[in-house]
Amino acid sequence: MRDLCRAAVGAATGSGASYADARAVVARTQNVATKNGRVENVSDIEGEGIGVRVLVDGAWGFACDRRLTEDGARDAALRATAFARAAGGRGERALAPLAAQSGSYRTPVERDPFEVSLADKVALCLRAEEALRHDDVKVTSAAVRAQREDKILVTSDGAEIEHELIESGGGIDAIAVGDGAYQMRSYPSAHGGSSAQAGWEYVEELGLEREAPRVGEQAAALLRADECPSGRMTVVINAEQMLMQMHESVGHPTELDRVYGTEAAYAGTSFVKPSDLGSLRYGSEKMNITADSTTPHGLGTFAFDDEGVPAAREPIVAEGVLRGFLTSRETAARIGSGSGGSMRADGWNRMPLIRMTNLHLEPGEGTLDDLLADVDEGIYLDTNKSWSIDDKRLNFQFGTQIAWEIRDGKLGRMLRDATYTGITPEFWALLDAVAGPEAWRMQGLTNCGKGQPGQGAHVSHGASPARFRNVQVGVKA
Amino acid sequence: LTRVGDVAAGALAAVTDGDAEALAISERSGLARFASSEVHQPTLIENVAVTLKIVRDGRIGAAVTNRIDDQGLADLAARAGEAAESAVAEEDYPGLAPPAPLPEVEGFDPAVAELGADDQARLARSAIEAADGIEVYGFFTSGTTEIAFASTTGVRADQAMTDATTLVIAAADGMSGYAESSSWSKAGIDPAAVAREAAEKAEKTRGAGTIEPGAYRTVLDRYAVADLLFWFSFDAFGALGLLEERSYVTGRIGEKVFDEKVSIADDALDARGYPKAFDFEGTPKQRVELIEQGVARGVVWDRTSAARAGSEQTATGHAPPAPLRQYGALPFSLSLAGGEAESVDELCELVGDGLYVTRVHYVGIVHPREGVLTGMTRDGTFRIRDGKIAEPLVNLRFTAAVPQILADVPGLTKSPRLVNTNDFYGERYPLGALAPALATAHFNITGTGSEPGI
């Protein structure tokens, strides 16, 4: 594959590209899903190919070919070059300087998830599902996944980099139905569970069977729970929902391509301006957000990004002030700061875009109980149910699967259908406490969308429970 | 181009044990994406992928590959076989689809298939140049998708489809407008007209004001209608949504649920949309009445969900690809019937005092069973006063139940138009909804956001 990438880069530069990179990718994914005791999906998906990105007279071009052959590599390079010429540009695009890089990286795993048979994966799902059962639970489901991606990147700047990235993950859901009501509980998170860059040991540590009885019981109990009240109040948000809060209201708006408007046609732009770097008060002094492509087990962990920029840990928000952006070589050069490091492509047939790597809310101090203890009246919000945010990442509304009343510093009755809403910097200014490292949890999402044509990214986020004062809760239709 | 029929047949031939179906799909596409009136992400894609589903004694497994040589297909059969062996037999497994006559559909235009990278770049530029000084963000894309199906029950089916979409946001500080046009035929491609529509709308959005949250009479233009219907239908009009009781129509089939002016079908046979002859199980596509003059009539079915329904229900040709089987049948050719209004202006007259919404953004499902959605308006939100579009508004957050939106509909425009609903993730497969603009007596605004613009 390395030779094919070299051939592609050579063909591109030989036909006039001032810069070229080629990624050859071989990927395989296994998905197992069961529902109500039936096996709904056992699938084994593979795909391979080469993608070539070029700069010609200041214009980008990208083309790909499924054939991992010299003909395929060369054809992709020449088509990318031709498309760049046809597209045209306004002149040269600068890329942040980068020394030639070489290296390789393999996800450390204790147990290769592809060594676990599909039959064992099915059996695990069925056992977890069985443990979810409850009289009021109408639908039980479980799913596990494994993924391996081998890729080689060669650039005309001299990078030659090899990755073998392995992911494992899983999750369970229980849906209770009664008297026209419909309630769902999930573990370890909603929307397909959680994944990590790790071996099968990650799925085993999730303890899907162990957690299932609680999940089923909570789904059933939600049918009889009171509706979450409306009003402005203190909320304590658990780590799982904090991941979504951070992803949508900090991660996306600090992607520098969005800031410059190049995502306007799909995902939108950002309320953050390039000139805000170093001065924008994003939130309270308790707010510390870090982008870290070196986090062990993170889905956004690598040795080098898809432009060949080495992995790094960088502050995005420090003590409430904007300190960094997620960047590419092009946007880093444009803003005159940094060198990129957040470029990733969804497989061989998409061009790299700025994507979140691993974005974390740094822990504060104390425990969840400590956070609750300082609340006379409030709501504890747990596990994302719905999410929406505007095109500039300002006005958001989230719903959670479950909530509890907080009264006199302790959790009280269970509440259903909780929602909360806010404006990003106003909301983060209300942050007054983050629990400590003992309560810090990382989870991995596999459904972050961006780009045209669409690309999915796998990202991890870590957070501890956090407390916000005076938040608008309970939005009604 | 690779003959996808040969790929499907080759995959089927590699199966040594059990029933099987193979579905091959090829994509040849170009997408010229632009921002700040410059093409910045032009992407050319060529791929052929084949999905093989093997069934052994009621146990079902699937595998996918894009290695389509003999060894690749042999490996595919081995992996699909292992997947099937790992599954548990389904007691009510209905078997593979039998051969059946397929409907004749349109949906392929050689003139679109012939568009190459030069044409895609040229058509993107024509949108950029037509915006008359306002910077534009969007894309022009065209592509050809060929799909072929073969099974051990003797089904053989294939179809070639073309699709083309122009999407334009014209925007600057404090102003933005949106337009989109999709078609499978070259006659429907006019990027300059799309850009002009977006630019004209953008010019009217300067100086956006705000309003108080509350319920408003509202005109939802076709882009907003298509998006809201798409998200509502995911739970409401699929078979599993009905069987699992998360659908709004659960327990309401045969009841009047919406205004009598509302009729919704799933109709992949309609030449105004993106026509398709068969689904991912090889079952012929049928038009399915979902809502007829306000009365809930049914949902769409695949073979598995129809068997689980346990009655005389049959598949309607809405099976998803085998690796997405757990989602069940889904309606991806939605069609909302038009009404009597000649224009959006006429709908504004019916509304009198209220809002006009061009499109919605980032829709989330708040309560599936009640059909409650939330999202933001974007790229052209206006006040309606005295029956006419008046001053522009900032982007608005809505939290609204679709059944409430459709419960009182003063009017719809006469001619539904195709609105793209494809985000172009994964393999290309043309998707769109036929939607008119619609006036509603109730659209619930729950917050305000930023002003329009970049």
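Order of the sequence lines fixes the chain letters, A, B, ..., with proteins taken first and strands second; residue numbering starts at 1 for each chain. Remember, it's a predicted structure, so these values are computed and weren't measured experimentally.
Chain A forms the most heavy-atom pairs under 4.5 Å with one residue out of E85(B), E244(B), R122(B), and that residue is E244(B). With chain A as the partner, the residue from S86(B), A124(B), A35(B) showing the most heavy-atom pairs under 4.5 Å is S86(B). Taking chain B as the reference chain and counting heavy-atom pairs below 4.5 Å, the highest number among C64(A), G399(A), A267(A), G49(A) is found for C64(A). No other option in Y362(B), Y137(B), F398(B) has as many heavy-atom pairs under 4.5 Å with chain A as Y362(B). Ranked by heavy-atom pairs under 4.5 Å with chain B, the first of S117(A), A181(A), G449(A), A84(A) is G449(A). Contacts with chain A were tallied for S450(B), P42(B), G116(B); P42(B) has the most, counting heavy-atom pairs under 4.5 Å. The candidate with the highest count of non-hydrogen atom pairs below 4.5 Å against chain B, out of G89(A), S270(A), A87(A), is A87(A). Note on E48(A), K121(A), K138(A): by heavy-atom pairs under 4.5 Å with chain B, the leading option is E48(A). When the candidates V39(B), D423(B), I169(B) are compared by the number of heavy-atom contacts under 4.5 Å with chain A, D423(B) comes out ahead. Residue with the most contacts toward chain A among A83(B), G426(B), G364(B): A83(B) (heavy-atom pairs, distance under 4.5 Å). Among the candidates T34(A), V177(A), I389(A), the residue making the largest number of heavy-atom pairs closer than 4.5 Å to chain B is I389(A).
For A80(B), no part lies under 4.5 angstrom from a heavy atom of chain A. Only the backbone of T448(B) comes within contact range of chain A, with heavy atoms under 4.5 Å apart. Looking at D120(A), there are no atoms closer than 4.5 Å to chain B (heavy atoms on both sides), in backbone or side chain. Of the atoms belonging to P452(B), it is backbone heavy atoms, and not side-chain ones, that fall under 4.5 Å from chain A. There is no contact between I175(A) and chain B, counting heavy-atom distances below 4.5 Å. Neither the backbone nor the side chain of L68(A) comes within contact range of chain B, judged by heavy atoms closer than 4.5 Å. With a threshold of 4.5 angstrom between heavy atoms, R38(A) approaches chain B through side-chain atoms but not through N, CA, C or O. Of the two parts of Q397(A), the backbone and the side chain both hold a non-hydrogen atom closer than 4.5 Å to a non-hydrogen atom of chain B. Heavy atoms of R93(A) lying under 4.5 Å from chain B belong exclusively to its side chain. D118(B) touches chain A through backbone and side chain together, each having a heavy atom under 4.5 Å away. Neither the backbone nor the side chain of E91(B) comes within contact range of chain A; no heavy atom of the residue lies under 4.5 Å from a heavy atom of that chain. No part of Q183(A) comes within reach of chain B, as not one of its non-hydrogen atoms sits under 4.5 angstrom from that chain. For N444(B), the part sitting under 4.5 Å from any heavy atom of chain A is the side chain, from C-beta outward, and nothing else. For K450(A), the part lying near chain B is the backbone, with the side chain staying farther off; criterion is any non-hydrogen pair under 4.5 Å. Looking at R393(A), only its side chain comes within 4.5 Å of chain B, counting heavy atoms on both sides. Looking at R308(B), the atoms closer than 4.5 Å to chain A (heavy atoms on both sides) all sit in the side chain, from C-beta outward. For A87(B), the parts sitting under 4.5 Å from any heavy atom of chain A are the backbone and the side chain alike. Heavy-atom distances place the side chain of L394(A), and not its backbone, under 4.5 Å from chain B. Using a 4.5 Å cut-off between heavy atoms, R246(B) contacts chain A through both its backbone and its side chain. For T269(A), the part lying near chain B is the side chain, with the backbone staying farther off; criterion is any non-hydrogen pair under 4.5 Å. Residue contact with chain B, scored on non-hydrogen atoms closer than 4.5 Å, involves the backbone and the side chain of Y266(A) alike. Interface remark: E38(B) contributes backbone and side-chain atoms alike to the contact with chain A (heavy atom separation under 4.5 Å). For I365(B), the part lying under 4.5 angstrom from a heavy atom of chain A is the backbone only. Looking at L243(B), only its backbone comes within 4.5 Å of chain A, counting heavy atoms on both sides. With a 4.5 Å cut-off on non-hydrogen atoms, A264(A) touches chain B through its backbone and its side chain both. Heavy atoms of V88(B) lying under 4.5 Å from chain A belong to its backbone as well as its side chain. If you measure heavy-atom distances from T446(B) to chain A, the contacts under 4.5 Å come from the side chain alone. No part of Q401(A) comes within reach of chain B, as not one of its non-hydrogen atoms sits under 4.5 angstrom from that chain.
Taking the six-membered ring where the residue is Trp, F139(B) and F424(B) present perpendicular rings, their angle passing 60° and hence far from 30°.
Within the 3.5 Å criterion, the main-chain N or O of A477(A) finds no donor-acceptor partner in the side chain of T399(B). At distances below 3.5 Å, not a single donor-acceptor pair connects side-chain atoms of R79(B) with backbone N or O atoms of A63(B). Put simply, the side chain of T419(A) gets close to the backbone of V475(A): a donor and an acceptor are under 3.5 Å apart. Panel note: side chain N36(A), backbone T140(A); a donor-acceptor pair is recorded below 3.5 Å.
A cation-pi contact, defined as under 6.0 Å to the ring centre and within 45° of the axis, is absent between R369(B) and Y182(A). Geometrically, R53(A) engages W60(A) in a cation-pi contact defined by less than 6.0 Å to the ring centre and at most 45° from the axis.
Side-chain atoms of T331(A) and D257(A) include no donor-acceptor pair closer than 3.5 Å. Side-chain contact of R145(A) with T29(A): a donor-acceptor pair under 3.5 Å is absent, judged by distance alone. The closest side-chain donor-acceptor pair between R397(B) and S388(A) falls under 3.5 angstrom. Side-chain polar atoms of E245(B) and T250(B) form no donor-acceptor pair below 3.5 angstrom. Side-chain atoms of D71(A) and T69(A) form no donor-acceptor pair, as typed in the model, at a separation below 3.5 Å. At a cut-off of 3.5 Å, with distance as the only test, no side-chain donor of K35(A) or Q326(B) sits close to an acceptor on the other residue. Donor-acceptor pairing under 3.5 Å is lacking for the side chains of S36(B) and R90(A).
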Open item on the list: Between E46(B) and D75(A), is the side-chain contact (heavy atoms from CB on, under 4.5 Å) condition met? List the steps.
Closed with: CA-CA 11 Å; E46(B) 289 199 20; D75(A) 285 356; over 6 Å; no
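Shown here for A322(B) and K53(B), the closest heavy-atom pair between the two residues is CB-CD, 4.1 Å. P368(B) and D235(B) make their closest contact through CB-OD2, 3.3 Å (heavy atoms, listed as atom of the first residue, atom of the second, distance).
By the 4.0 Å N-to-carboxylate-O rule, D44(A) lies close enough to R28(A) to be salt-bridged with it. The residues E263(A) and R33(B) are annotated as salt-bridged, a charged nitrogen and a carboxylate oxygen being separated by less than 4.0 angstrom. Remark: D417(A) engages K385(A) in a salt bridge, criterion side-chain N to carboxylate O under 4.0 Å.
Looking at residues two or more places apart in sequence or on another chain, you find a side-chain contact (heavy atoms from CB on, under 4.5 Å) between A117(B) and F83(A), L44(B), Q120(B). Residues that satisfy the side-chain contact (heavy atoms from CB on, under 4.5 Å) test with R127(A), not counting sequence neighbours, are A123(A), L124(A), E209(A).
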